[in-house]
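What follows is a single structure, written as structure tokens, with notes after it.
Both backbone and side-chain heavy atoms feed into the values below; hydrogens, waters and symmetry mates do not.
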Amino acid sequence: MQLTITTTHSPATDLGYLLHKNPARVQSFPRSFGQAYVMYPEATNERCTMALILDVDSVGLVRKRQDSGGFALEQYVNDRPYVASSFLSVALGDLFGTAMTGRCKERPDLVDRPIPLEARVSVIACRGGEGLLRQLFEPLGYAVDATPYPLDPRFPEWGESPYSTLILRAETRLRDLLTHLYVLIPVLDNDKHYWVGDDEVEKLLRRGEGWLGAHPAREFITHRYLKNQHSLTQDALARLAESDPIDQDEMEERPEKAGETVAYRLNLHEQRLQAVAEALRESGARSVLDLGCGEGRLLRLLLDDPNFERILGVDVSYRALERARERLHLDQLPERQRQRIALLHGSLTYRDRRLEGYEAAAVVEVIEHLDYARLAVFERVLFEFAHPRVIALTTPNQEYNRLFDSLTAGTFRHADHRFEWTREQFHGWANAVAERHGYSVRFSPIGPEDADAGAPSQMAWFTAGEVT
């Protein structure tokens, strides 16, 4: 079986540093199931490809087993030497474990930088066909190209086999690509060559950190990865739900007098929500996405306006969605009202086709909670793939922080903020995004304005197809 990973990042040979494998050498690694080889068929500054080849010793594997099971020759006549399976997953963990953890002494700046990558798995087993491949990889931001093999080219009427060549393309971190392949290859194969116990739950949670909990197919992935063992699956899913981050963005403002905390917080947060809701009303949109909806405060405003006929709230936190469900009393709404609104557990950094087809989107005080390196992925998910006609996006104004008495220099308003922008930085980012995706953009302050520092929050209003 063979896996290749190619990059056109410049210089492309940096791939060798990230993988901790020298492009100038062919390396061989004995494994318990056979031999693994790592080589670079091409290694130039413009393009570099790493090839991992596994030579599975099927005869040796049979000799190690006490009970072959199945029909007499099953252990000798099978697809294991040729098809990507848990053997490949184990090899990835063994040979590229350091790369998967994001460590690179020689190129530390590249570890968290998305670079153009293409992964090619020569033969992969997938009984769900191209549809299942897309279901698993597209939410992670990959372009998927699957070429199925016929059962027999001489008899096309027999149809296609469950085997395909899989090609994945994305601008992403190498560590993410390796981790996604590590988890999803045995999921597609729906088998493992070793015993699956409690330690596999720990392994899945470790390798799935940051993406599995928000994946639309997380239950399917978890069930198959744990070899369809119900008790292990329930344990893993419960722990994934417990690890969901709680968005406490409403606790960020710190006024000068402690007694004013509640009033000020509600006042500013309500001003944000009202400003966004009013902009959405004026746009004439009938369908709206609330991305990072939290406990559903904006959803309540939208639901109270009959002009919004279709509303979808999306959040990475399962617990926040449960609180939104309770706050909105969804179970008690009349059927006609209930059909107008839905909640979706998902991430803003993974493509999800369920976000497509909406006229408008609201992103209220959310982007600052994303890792800066993931902003490019979020941009594609929202502006390229979902591509609503209008977008209202707000974020804190970093210049205003000095007016909060309890904030020291260099600190953020909330512990989970990964960055906070000045007005100039926000305008620069928003203008570049608008230009890349065919939007116009205008800006407005939210909250009380200071002559020098501006307002505490800032909103960008994007409109598709208009020229500024």
Non-hydrogen atoms of [X] and [Y] that approach each other most closely:
X      : Y      : value
Gly454 : Arg423 : CA-NH1, 3.4 Å
Leu52  : Ala91  : CD2-CB, 4.4 Å
Cys126 : Leu133 : SG-CG, 3.9 Å
Ala324 : Gly294 : CB-O, 3.7 Å
Pro148 : Ser164 : CA-OG, 3.5 Å
Ala464 : Pro388 : CB-O, 4.2 Å

Salt bridge (Lys or Arg N to Asp or Glu O under 4.0 Å) against Arg134, all qualifying residues, sequence neighbours excluded: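 Residues passing salt bridge (Lys or Arg N to Asp or Glu O under 4.0 Å) with Arg134: Glu130, Glu138.
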Charged tip of Arg107 within 45° of Tyr17 ring normal and under 6.0 Å: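 Yes, Arg107 and Tyr17 form such a contact.
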Arg380 NZ/CZ over Phe385 ring centroid, <6.0 Å and within 45° of normal: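 No; the conditions do not both hold, so Arg380 does not lie above the ring face of Phe385.
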Between [X] (side chain) and [Y] (backbone), is there a donor-acceptor pair under 3.5 Å?
X      : Y      : answer
Asp315 : Ser317 : yes
His223 : Glu219 : no
Glu420 : Glu368 : no
Thr49  : Ile5   : no
His20  : Arg103 : yes
Asn397 : Thr422 : no

Distance (rounded to the nearest 0.5 Å) between Ile221 CD1 and Leu204 CG: 8.5 Å
Interatomic spacing from CD1 in Ile185 to CG in Leu136 - rounded to 0.5 Å: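 It comes to 11.5 Å.
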Under 3.5 Å side-chain donor-acceptor pair for Glu365 and Thr394: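 Glu365 vs Thr394: donor-acceptor pair found between side chains.
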Any heavy-atom pair between the side chains of [Y] and [X] that's under 4.5 Å?
X      : Y      : answer
Phe443 : His427 : yes
His437 : Glu379 : yes
Ile367 : Phe378 : yes
Leu168 : Glu118 : no
Met100 : Arg207 : yes
Trp461 : Ser283 : yes
Tyr358 : Val288 : no
Leu348 : Val377 : no

Side chain to side chain donor-acceptor pair (under 3.5 Å) involving Tyr350 - partner list, sequence neighbours excluded: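 Side chain to side chain donor-acceptor pair (under 3.5 Å) check on Tyr350 returns nothing, list empty.
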Chi angles and distances behind the ring-ring contact (aromatic ring centres under 6.0 Å, His included) call for Tyr439, His387: CA-CA 10 Å; Tyr439 284 81; His387 199 73; 5.1 Å; yes
Salt bridge between [X] and [Y], side-chain N to carboxylate O under 4.0 Å?
X      : Y      : answer
Arg351 : Glu356 : yes
Arg338 : Glu335 : no
Glu326 : Arg323 : no

Tyr182 and Tyr225 aromatic ring geometry - parallel, tilted or perpendicular at 30°/60° bounds: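 Geometry flag for Tyr182 against Tyr225: tilted rings.
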Geometric class of the Trp429/Trp421 ring pair [parallel <30°, tilted 30-60°, perpendicular >60°]: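 Aromatic pair Trp421/Trp429 classed tilted.
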Residue pair Phe419, Phe412: steps toward the ring-ring contact (aromatic ring centres under 6.0 Å, His included) verdict: CA-CA 8 Å; Phe419 63 88; Phe412 294 154; 8.0 Å; no
Within 6.0 Å of CZ in Arg113, more than 12 heavy atoms from elsewhere: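 Yes.
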Arg286 vs Glu359, salt bridge (charged side-chain N to carboxylate O under 4.0 Å, His left out): CA-CA, chis, key distance, verdict: CA-CA 7 Å; Arg286 295 290 186 176; Glu359 294 181 82; over 6 Å; no
Pair Asp112-Arg374, salt bridge (charged side-chain N to carboxylate O under 4.0 Å, His left out): steps then yes or no: CA-CA 9 Å; Asp112 288 315; Arg374 304 295 287 169; over 6 Å; no
Arg340/Glu309 under salt bridge (charged side-chain N to carboxylate O under 4.0 Å, His left out): CA gap, chis, key distance, verdict: CA-CA 6 Å; Arg340 294 174 54 213; Glu309 300 171 353; over 6 Å; no
